[in-house]
Peer 1: 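Let me give you the structure first, and then I'll get to my questions.
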2 protein chains.
Amino acid sequence: MKALKVSARPGLPRRNNIPQILNAAEKVFSARGLAGSRVDDIARACELPKANILYYFGTKEDLYRATLERLLMHWLDDADHWLSADHAPMDAVEGYVRSKMEFSRYRPEASRIFAYELLSGGEHVKKFLVGTLREHVTRRTEIFLHWQRQGLMAEVDPVHFLFSLWSLTQAYADMQVQMAVVLGTPRLKEKDFEAGVRTIMKLVSSVCLPGK
Amino acid sequence: MKALKVSARPGLPRRNNIPQILNAAEKVFSARGLAGSRVDDIARACELPKANILYYFGTKEDLYRATLERLLMHWLDDADHWLSADHAPMDAVEGYVRSKMEFSRYRPEASRIFAYELLSGGEHVKKFLVGTLREHVTRRTEIFLHWQRQGLMAEVDPVHFLFSLWSLTQAYADMQVQMAVVLGTPRLKEKDFEAGVRTIMKLVSSVCLPGK
DNA sequence: GTCTATATCACGATAGAC
DNA sequence: GTCTATCGTGATATAGAC
């Protein structure tokens, strides 16, 4: 009923196949979500028989969760690096925004899977949300409050300010289709992301340079 | 093969059932997207036999398109009203932001269906995007440029500024699950939306009050 | 117009040969 | 470990009685 347990000494094919499957799964799930994706499509995308995928991961849902987990591990690294008290607020936020925008540009699939997941209720990431993410937000909040006490940041709600940064940057992954059509280009180019960064930084400037 | 054509003089049950079906469809599609939704669920939600739904709309996809179309008609009204040259930039944007946030609060389903649709490629709304939406953006852009020439608005890219307003406000519908968990509440309350508006308006203030 | 009962098919999962 | 062939489920869509 459940997936086979990973053996103690993983074989070579396993080590080759698993990342390949996860990459393919990320691509397919990001395009249609869990419900809209077919194991068959993932199989074709990684050029492996369908049965092999289920052999490694047991069920489609298990594979989905594995994909999500791998993705969420990378998720918070940038914030941990940039949104720290080591930087001045404006530098910190600019570094953060730029790295998130690069993420939206070069790995939009990851962002989209997460977006799908949230839209459909987030049951598969609830543990991550209440555990890791909440803790992460608490730490960022403390840094923002620290800056505010020092007069380096305007008195905005720190949590909602973080929400703003998330939504502004993720939109460049999740709404790419809409943006591309509006901008009249088949897909977003470097200059579009650059214009996005400039706009976001302009908005942020009222929070990070209160004394200006 | 195709749905029956609507008769010239619609019967009473039709007039009653169709909006009811569309309401139910909006709710169901918004929770799981097109692929994840079952016609059966929609049938249960509007307490009508499944066959009746397909009788009126032909196929699930046709019903989906009808749901989308009804929704998109309301989509741009707020922008047309608020983002006009009749208001000062700050008032215009605040009115717009508030009405979009109310939309995210009271009709998050609508926003989520659109988000699902964009994530899965937007094929069902492409005509809307290249037609109505592009035209809409062009008009807003002209107003922003007008304000900029008058020195009432900072020199940001008008299109990307509009993207920012969309993403900031839609996040309060599409990412509600995530926000609720982070804020430690089962669901977002009025005060949360109010805090969101204040944060967004603080961000916007650097664009709409350049001379401050 | 309405609804039941069913044809048809696609998909996830598995059995079992290699 | 790998892959083919297939089973069972559950979904869309329809036929046809009322």
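Numbered from 1 within each chain, the chains take letters A, B, ... in sequence-line order.
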Peer 1: Using residues 35-51 of chain A as the side-chain source, report each donor-acceptor pair under 3.5 Å to any protein atom, sequence neighbours left out, with the distance given to one decimal.
Peer 2:
from	atom 1	to	atom 2	distance (Å)
S37(A)	OG	V28(A)	O	3.4
S37(A)	OG	G33(A)	O	2.5
R38(A)	NH2	A35(A)	O	3.4
D41(A)	OD1	R44(A)	NH2	3.0

Peer 1: Taking the six-membered ring for Trp, are Y116(A) and F29(A) closer than 6.0 Å centroid to centroid?
Peer 2: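 So the answer is no for these two rings.
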Peer 1: Measure NZ/K60(A) against C1'/dG10(D) and give the value in whole Å, please.
Peer 2: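 Rounded to whole Å, this separation is 13 Å.
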Peer 1: Starting from C1' on dT14(D), measure out to OH on Y56(B) and report it in whole angstrom.
Peer 2: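 The distance from OH of Y56(B) to C1' of dT14(D) comes to 17 Å, rounded to the nearest Å.
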Peer 1: Considering non-hydrogen atoms only, spot the tightest contact between F193(A) and S104(A) and give its length.
Peer 2: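 Where F193(A) meets S104(A) most closely, the heavy atoms are CE2-C, 4.3 Å.
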Peer 1: Does a side-chain N or O from N17(B) land closer than 4.0 Å to OP1 or OP2 of dG1(C), or not?
Peer 2: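 No, N17(B) has no side-chain N/O under 4.0 Å of OP1/OP2 on dG1(C).
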Peer 1: Counting heavy atoms from C-beta on, name the nucleotide in dG1(D), dA13(C), dT2(C) closest to the side chain of Y55(B).
Peer 2: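 It is dT2(C).
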Peer 1: What integer distance in Å separates L63(A):CG from dA13(C):P?
Peer 2: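 It works out to 10 Å between those atoms.
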Peer 1: Atom CG of L54(A) and atom P of dC11(C): how far apart are they, to the nearest Å?
Peer 2: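 Value for this atom pair: 14 Å.
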Peer 1: What residues from residues 29-52 of chain B pass a heavy-atom cutoff of under 4.0 Å to DNA chain D?
Peer 2: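 Nucleic-acid contacts, sorted: S37(B), R38(B), V39(B), K50(B), A51(B).
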Peer 1: Nearest-Å distance, CG (N16(B)) to P (dG1(C))?
Peer 2: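 In whole Å, dG1(C) P and N16(B) CG are 12 Å from each other.
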Peer 1: Mind calculating the distance between CD1 (I53(A)) and P (dT2(D)) to the nearest angstrom?
Peer 2: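 Nearest whole value for this atom pair: 12 Å.
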Peer 1: Evaluate whether atom CZ of R32(A) has more than 12 neighbouring non-hydrogen atoms of other residues, nucleotides or ligands under 6.0 angstrom away.
Peer 2: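 Atom CZ in R32(A) is not packed in, count stays at 12 or less.
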Peer 1: So which atom in H81(A) and which in H87(A) form the shortest heavy-atom distance, rounded to 0.1 Å?
Peer 2: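 Minimum heavy-atom separation between H81(A) and H87(A): O-CE1, 3.7 Å.
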Peer 1: Salt bridge or not between D192(A) and K189(A)? Use side-chain N to carboxylate O under 4.0 Å.
Peer 2: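 Here D192(A) does not pair with K189(A) in a salt bridge, since their nearest N and O are not under 4.0 Å apart.
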